Amino acid sequence: MKHVSKSELQTKEIAAKFARKLAGGEFIELVGDLGAGKTVFVRGMVEALGSTARVKSPTFTIMNEYPVQGEHVTKIAHLDLYRFDDESQLSALELEDYINDKTVICVEWPDIFGKSPFEPTHRVTIEHVDVDTREIIVNEL
Ligand SMILES: Nc1ncnc2c1ncn2[C@@H]1O[C@H](COP(=O)(O)OP(=O)(O)OP(=O)(O)O)[C@@H](O)[C@H]1O
Ligand SMILES: [Mg+2]
């Protein structure tokens, strides 16, 4: 599914619609340049599921967790591998154990160490078109 967003707000609306359709247990990779809007997209998802938390890049923590009140989803976990300094941190996370049917995992820069080590269910690709325009492609894998 391809969308064109003309503003940060529109990106959050596209993310919100996507989030409301999730069944729980999804693993979502977010791909796009620096400043494309990946974190904005996750923020739209978290807000759509009833959290008032402000989603920020996980900079000092490896992973941020947001409790949400979706019908099927009660937690969104947000990772940004760009801010990881080494790959071994990743296996230490034991993300596999983390996946359960009420949690959704969102990962920015999943392929920063080469090939993505995950088995994602969805990939969101955001292309930077101009200063406020983004092309957002949501693929179910
Ligand atoms: N249509 C749009 N959709 C999303 N963000 C937009 C849009 N137009 C402008 N922006 C701006 O682009 C920036 C996107 O920042 P964001 O942190 O989400 O990028 P990112 O892809 O997560 O980058 P990084 O790889 O550094 O984490 C924000 O400053 C936002 O206001
Ligand atoms: Mg980001």
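Numbering of ligands and ligand atoms starts at 1, following listing order. Sequence positions, counted from 1, serve as the residue numbers for this chain. Because the structure is predicted, anything quoted here is derived from the model rather than measured.
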- among protein heavy atoms, the one nearest atom 26 (O) of ligand 1 is Leu34 CD2, 3.3 Å

- Reported CZ-to-CD1 distance for the pair Phe41 and Ile14, which is rounded to 0.5 angstrom: 7.5 Å

- Message: Assess, by modelled atom type and distance only, whether the side chains of His78 and Glu65 contain a donor and an acceptor separated by less than 3.5 Å.
- Response: no

- Indicate yes or no: does Arg43 engage Glu8 in a salt bridge with an N to O separation below 4.0 Å. yes

- Task: Mind listing the protein N/O/S atoms less than 2.8 Å away from the Mg ion (ligand 2)? Waters don't count.
- Result: Thr39 OG1, Glu108 OE1

- atom 23 (O) of ligand 1 sits nearest the protein heavy atom Gly35 N, 2.9 Å

- Task: Verify whether one side chain among Ser116 and Glu29 offers a donor that lies under 3.5 Å from an acceptor in the other.
- Result: yes

- Query: Is there at least one pair of N or O atoms, one from Lys6 and one from ligand 1, spaced under 3.5 Å apart?
  - Reply: no

- Message: What protein heavy atom lies closest to atom 12 (O) of ligand 1? Include the residue and the distance to one decimal.
- Response: Arg134 NH2, 3.2 Å

- Message: Within a 6.0 Å radius of atom OH on Tyr82, are there more than 12 heavy atoms belonging to other residues, nucleotides or ligands?
- Response: no

- Please state whether Glu8 comes within less than 4.0 angstrom of ligand 1, counting heavy atoms only. yes

- Task: Could you tell me whether Arg134 and Glu127 have a side-chain N and a carboxylate O separated by less than 4.0 Å?
- Result: no

- Message: Can you confirm whether the side chains of Thr74 and Gln69 place a donor and an acceptor under 3.5 Å from each other?
- Response: no

- Query: Which heavy atom of His72 sits nearest a heavy atom of Ala23, and at what distance?
  - Reply: CB-O, 3.3 Å

- Task: May I ask you to check whether Ala36 has an N/O atom sitting below 3.5 Å from an N/O atom of ligand 1?
- Result: yes

